[in-house]
Novice: 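I have a structure I would like to understand better, so I am pasting it below and will then ask my questions one at a time.
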Amino acid sequence: GDSVTQMEGPVTLSEEAFLTINCTYTATGYPSLFWYVQYPGEGLQLLLKATKADDKGSNKGFEATYRKETTSFHLEKGSVQVSDSAVYFCALSDGYGNKLVFGAGTILRVKS
Amino acid sequence: DGGITQSPKYLFRKEGQNVTLSCEQNLNHDAMYWYRQDPGQGLRLIYYSQIVNDFQKGDIAEGYSVSREKKESFPLTVTSAQKNPTAFYLCASSIGQADYEQYFGPGTRLTVT
(Lines give C-alpha, C1' and ligand atoms only; values in the text may rest on other atoms or scores of the structure.)
Protein backbone atom coordinates (compact mmCIF):
# COMPACT_ATOMS: atom_id res chain seq x y z
CA GLY A 1 0.00 0.00 0.00
CA ASP A 2 0.88 3.66 -0.08
CA SER A 3 3.39 4.87 2.49
CA VAL A 4 5.46 7.89 3.51
CA THR A 5 8.87 7.80 5.16
CA GLN A 6 10.33 10.83 6.92
CA MET A 7 13.73 11.37 8.46
CA GLU A 8 13.75 10.65 12.17
CA GLY A 9 14.03 13.48 14.62
CA PRO A 10 14.36 15.40 16.61
CA VAL A 11 16.20 17.86 14.42
CA THR A 12 17.87 20.58 16.47
CA LEU A 13 19.13 23.72 14.74
CA SER A 14 20.35 27.15 15.71
CA GLU A 15 18.37 30.16 14.60
CA GLU A 16 19.08 31.20 10.97
CA ALA A 17 20.37 27.74 10.05
CA PHE A 18 19.30 25.95 6.86
CA LEU A 19 16.64 23.29 7.26
CA THR A 20 16.06 20.13 5.29
CA ILE A 21 13.58 17.44 6.33
CA ASN A 22 13.63 14.45 4.02
CA CYS A 23 10.45 12.75 2.82
CA THR A 24 10.12 9.85 0.40
CA TYR A 25 6.98 8.05 -0.62
CA THR A 26 5.64 4.88 -2.19
CA ALA A 27 2.39 5.16 -4.08
CA THR A 28 0.43 3.84 -7.00
CA GLY A 29 -0.74 6.37 -9.51
CA TYR A 30 -0.01 10.06 -9.16
CA PRO A 31 -0.66 11.27 -5.63
CA SER A 32 -0.71 14.84 -4.41
CA LEU A 33 1.91 15.58 -1.75
CA PHE A 34 1.57 17.72 1.36
CA TRP A 35 3.52 19.10 4.29
CA TYR A 36 1.56 19.78 7.47
CA VAL A 37 2.86 21.45 10.64
CA GLN A 38 1.70 20.87 14.22
CA TYR A 39 2.55 23.37 16.95
CA PRO A 40 2.52 22.14 20.56
CA GLY A 41 -0.93 21.21 21.81
CA GLU A 42 -2.65 22.06 18.54
CA GLY A 43 -4.08 20.36 15.48
CA LEU A 44 -2.32 20.23 12.13
CA GLN A 45 -2.14 23.08 9.61
CA LEU A 46 -1.38 22.74 5.93
CA LEU A 47 2.04 24.25 5.22
CA LEU A 48 2.31 23.58 1.48
CA LYS A 49 1.25 21.15 -1.25
CA ALA A 50 2.15 20.00 -4.76
CA THR A 51 -0.19 18.17 -7.07
CA LYS A 52 2.03 16.94 -9.90
CA ALA A 53 5.63 16.14 -10.76
CA ASP A 54 8.08 19.08 -10.71
CA ASP A 55 5.59 21.31 -8.91
CA LYS A 56 7.08 23.39 -6.12
CA GLY A 57 4.97 24.22 -3.11
CA SER A 58 5.97 27.19 -0.97
CA ASN A 59 4.70 29.07 2.06
CA LYS A 60 6.20 31.15 4.89
CA GLY A 61 9.73 30.63 3.52
CA PHE A 62 9.34 26.84 3.32
CA GLU A 63 9.63 25.03 -0.02
CA ALA A 64 9.29 21.49 -1.33
CA THR A 65 9.50 20.13 -4.88
CA TYR A 66 7.60 17.05 -6.10
CA ARG A 67 10.32 14.76 -7.52
CA LYS A 68 8.73 11.80 -9.26
CA GLU A 69 12.05 10.28 -10.36
CA THR A 70 13.27 10.01 -6.77
CA THR A 71 9.79 9.74 -5.18
CA SER A 72 10.70 12.54 -2.81
CA PHE A 73 9.22 15.74 -1.40
CA HIS A 74 11.90 17.20 0.86
CA LEU A 75 11.04 20.25 2.96
CA GLU A 76 13.54 23.14 3.01
CA LYS A 77 13.86 26.55 4.58
CA GLY A 78 16.80 28.87 4.17
CA SER A 79 16.80 30.44 7.64
CA VAL A 80 14.79 28.94 10.51
CA GLN A 81 13.40 30.87 13.46
CA VAL A 82 12.60 29.78 17.00
CA SER A 83 8.92 30.08 16.08
CA ASP A 84 9.37 27.28 13.50
CA SER A 85 9.79 24.77 16.31
CA ALA A 86 7.03 22.22 15.72
CA VAL A 87 6.33 18.75 14.35
CA TYR A 88 6.32 18.48 10.56
CA PHE A 89 4.35 15.78 8.73
CA CYS A 90 4.73 14.73 5.13
CA ALA A 91 1.60 13.20 3.58
CA LEU A 92 0.19 11.96 0.29
CA SER A 93 -3.30 11.48 -1.05
CA ASP A 94 -4.13 7.85 -1.63
CA GLY A 95 -4.62 8.07 -5.38
CA TYR A 96 -8.35 7.57 -5.10
CA GLY A 97 -8.72 10.91 -3.39
CA ASN A 98 -10.29 9.34 -0.33
CA LYS A 99 -7.74 9.91 2.39
CA LEU A 100 -4.28 11.13 3.32
CA VAL A 101 -1.40 8.85 4.33
CA PHE A 102 0.94 10.51 6.83
CA GLY A 103 4.56 9.99 7.70
CA ALA A 104 5.57 9.56 11.35
CA GLY A 105 6.42 13.24 11.76
CA THR A 106 9.73 15.02 12.43
CA ILE A 107 10.23 17.16 15.50
CA LEU A 108 12.11 20.39 14.80
CA ARG A 109 13.69 22.35 17.64
CA VAL A 110 15.25 25.72 16.91
CA LYS A 111 17.54 27.30 19.52
CA SER A 112 18.12 31.02 19.85
CA ASP B 1 -15.07 32.49 12.41
CA GLY B 2 -15.20 29.29 10.41
CA GLY B 3 -13.45 26.25 11.75
CA ILE B 4 -13.57 22.90 13.47
CA THR B 5 -14.45 22.49 17.10
CA GLN B 6 -13.51 19.47 19.17
CA SER B 7 -14.63 19.06 22.73
CA PRO B 8 -13.52 18.52 25.33
CA LYS B 9 -9.77 19.18 25.06
CA TYR B 10 -9.00 16.63 27.79
CA LEU B 11 -11.13 13.61 28.64
CA PHE B 12 -10.64 11.00 31.33
CA ARG B 13 -12.51 7.71 31.51
CA LYS B 14 -12.39 4.43 33.36
CA GLU B 15 -11.62 1.25 31.49
CA GLY B 16 -14.73 -0.49 30.21
CA GLN B 17 -16.70 2.71 29.57
CA ASN B 18 -17.68 3.96 26.13
CA VAL B 19 -16.88 7.59 25.44
CA THR B 20 -17.98 9.92 22.63
CA LEU B 21 -15.75 12.65 21.23
CA SER B 22 -17.42 15.61 19.60
CA CYS B 23 -16.45 17.17 16.26
CA GLU B 24 -18.34 20.06 14.69
CA GLN B 25 -17.46 22.14 11.62
CA ASN B 26 -19.04 25.26 10.16
CA LEU B 27 -16.99 25.29 6.96
CA ASN B 28 -19.75 23.64 4.91
CA HIS B 29 -17.33 20.82 4.06
CA ASP B 30 -18.65 17.55 2.70
CA ALA B 31 -15.84 15.29 3.93
CA MET B 32 -14.84 14.64 7.54
CA TYR B 33 -12.16 12.44 9.08
CA TRP B 34 -11.05 11.04 12.43
CA TYR B 35 -7.37 10.35 13.13
CA ARG B 36 -5.55 8.92 16.08
CA GLN B 37 -2.09 10.26 16.96
CA ASP B 38 0.38 8.31 19.08
CA PRO B 39 3.96 9.38 19.81
CA GLY B 40 6.31 8.46 16.98
CA GLN B 41 3.56 6.97 14.80
CA GLY B 42 2.16 9.94 12.97
CA LEU B 43 -1.56 10.03 12.26
CA ARG B 44 -3.62 6.95 11.55
CA LEU B 45 -7.06 7.15 9.96
CA ILE B 46 -9.92 5.71 12.00
CA TYR B 47 -13.02 6.58 9.95
CA TYR B 48 -13.97 9.02 7.23
CA SER B 49 -17.17 10.29 5.70
CA GLN B 50 -17.55 11.92 2.31
CA ILE B 51 -21.25 12.66 2.60
CA VAL B 52 -24.04 12.73 5.15
CA ASN B 53 -25.33 9.31 6.22
CA ASP B 54 -22.31 7.52 4.76
CA PHE B 55 -18.92 6.65 6.23
CA GLN B 56 -16.07 4.21 5.65
CA LYS B 57 -13.58 2.45 7.86
CA GLY B 58 -10.03 3.68 7.84
CA ASP B 59 -6.91 1.76 8.76
CA ILE B 60 -7.65 1.26 12.48
CA ALA B 61 -11.45 1.21 12.85
CA GLU B 62 -11.69 -1.71 15.29
CA GLY B 63 -13.13 -0.61 18.63
CA TYR B 64 -14.49 2.67 17.25
CA SER B 65 -17.82 3.77 15.81
CA VAL B 66 -19.06 6.95 14.12
CA SER B 67 -22.22 8.55 12.80
CA ARG B 68 -22.84 11.29 10.24
CA GLU B 69 -26.44 12.40 10.63
CA LYS B 70 -25.68 16.05 9.91
CA LYS B 71 -23.20 17.63 7.54
CA GLU B 72 -21.54 19.65 10.28
CA SER B 73 -21.17 16.89 12.88
CA PHE B 74 -19.09 13.68 12.96
CA PRO B 75 -18.91 12.24 16.51
CA LEU B 76 -16.55 9.39 17.34
CA THR B 77 -17.35 6.78 19.98
CA VAL B 78 -14.46 4.93 21.56
CA THR B 79 -15.92 1.67 22.78
CA SER B 80 -14.75 -0.66 25.50
CA ALA B 81 -13.59 -3.02 22.74
CA GLN B 82 -10.72 -0.66 21.85
CA LYS B 83 -7.71 -2.27 23.49
CA ASN B 84 -5.53 0.78 23.86
CA PRO B 85 -7.73 3.88 23.71
CA THR B 86 -5.42 6.40 25.40
CA ALA B 87 -4.30 8.74 22.60
CA PHE B 88 -4.69 12.16 21.00
CA TYR B 89 -7.67 12.24 18.62
CA LEU B 90 -7.88 14.68 15.75
CA CYS B 91 -10.88 15.49 13.60
CA ALA B 92 -10.51 17.05 10.16
CA SER B 93 -12.68 18.17 7.27
CA SER B 94 -12.20 19.03 3.61
CA ILE B 95 -14.28 20.42 0.78
CA GLY B 96 -14.27 17.11 -1.03
CA GLN B 97 -11.73 14.45 -1.72
CA ALA B 98 -8.37 14.30 0.03
CA ASP B 99 -6.54 16.25 -2.68
CA TYR B 100 -8.10 19.28 -1.10
CA GLU B 101 -6.63 20.80 2.05
CA GLN B 102 -7.76 19.14 5.25
CA TYR B 103 -8.59 21.48 8.11
CA PHE B 104 -7.92 20.09 11.56
CA GLY B 105 -9.52 20.71 14.92
CA PRO B 106 -7.44 21.29 18.07
CA GLY B 107 -7.76 17.65 19.16
CA THR B 108 -8.99 15.77 22.22
CA ARG B 109 -6.57 13.97 24.50
CA LEU B 110 -8.27 10.89 25.90
CA THR B 111 -6.85 9.09 28.91
CA VAL B 112 -8.36 5.77 29.98
CA THR B 113 -7.28 4.24 33.28
Side-chain angles (χ1 to χ4, degrees), chain A residues 1-11 21 23-53 55 57 59 66 73 86-107, chain B residues 3-10 21-25 27 29-51 54-61 66 74 87-109:
Chain A
D2 296 349
S3 66
V4 175
T5 303
Q6 291 180 234
M7 63 188 289
E8 287 191 25
V11 174
I21 300 178
C23 171
T24 57
Y25 67 91
T26 302
T28 54
Y30 303 97
S32 293
L33 301 174
F34 305 81
W35 276 102
Y36 280 82
V37 59
Q38 183 180 33
Y39 298 102
E42 299 182 8
L44 277 68
Q45 305 171 25
L46 179 68
L47 183 59
L48 52 85
K49 65 183 279 190
T51 57
K52 61 183 187 295
D55 266 3
N59 186 26
Y66 190 141
F73 193 54
V87 183
Y88 292 82
F89 292 92
C90 185
L92 61 80
S93 61
D94 72 344
Y96 299 98
N98 290 326
K99 61 180 183 179
L100 293 177
V101 176
F102 285 86
T106 302
I107 297 172
Chain B
I4 299 182
T5 304
Q6 290 186 247
S7 61
K9 192 167 179 62
Y10 299 95
L21 281 59
S22 167
C23 178
E24 304 277 332
Q25 55 100 358
L27 299 166
H29 286 172
D30 285 318
M32 297 187 75
Y33 310 83
W34 272 106
Y35 294 92
R36 171 181 171 136
Q37 185 177 16
D38 296 284
Q41 293 195 47
L43 276 69
R44 293 182 289 168
L45 183 66
I46 304 172
Y47 269 97
Y48 63 100
S49 167
Q50 294 182 311
I51 197 168
D54 188 41
F55 48 83
Q56 287 76 42
K57 293 182 179 179
D59 300 316
I60 56 164
V66 293
F74 191 41
F88 190 51
Y89 291 88
L90 287 162
C91 179
S93 71
S94 66
I95 294 173
Q97 294 180 334
D99 277 7
Y100 293 98
E101 174 179 356
Q102 287 193 16
Y103 292 77
F104 282 80
T108 292
R109 186 166 298 280

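Quick caveat: nothing in here was measured; it's all calculated off a predicted structure.
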Novice: Please check: side-chain N/O of K99(A) versus main-chain N/O of Y33(B), any donor-acceptor pairing under 3.5 Å?
Specialist: no
Novice: Among the options G105(A), G43(A), A91(A), pick out the one with the most heavy-atom pairs lying under 4.5 Å from chain B.
Specialist: G43(A)
Novice: Contact part of Q38(A) toward chain B, heavy-atom cut-off under 4.5 Å: side chain, backbone, both or neither?
Specialist: side chain
Novice: Can you say whether Y103(B) sits under 4.5 Å from chain A via the side chain, the backbone, both, or neither, judging by heavy atoms?
Specialist: neither
Novice: Nearest 0.5 angstrom please: L100(A) CG to S94(B) OG, how far?
Specialist: 8.0 Å
Novice: In Å and rounded to the nearest 0.5 Å, what is the CG to CG distance from L43(B) to L44(A)?
Specialist: 5.5 Å
Novice: Hey, does F89(A) have a side-chain heavy atom less than 4.5 Å from the side chain of Q37(B)?
Specialist: yes
Novice: Do other residues, nucleotides or ligands put more than 12 heavy atoms under 6.0 Å from the CD atom of Q56(B)?
Specialist: yes
Novice: If only atom types and distance count, is the side chain of Y36(A) paired as donor or acceptor with the main-chain N or O of Q102(B) below 3.5 Å?
Specialist: yes
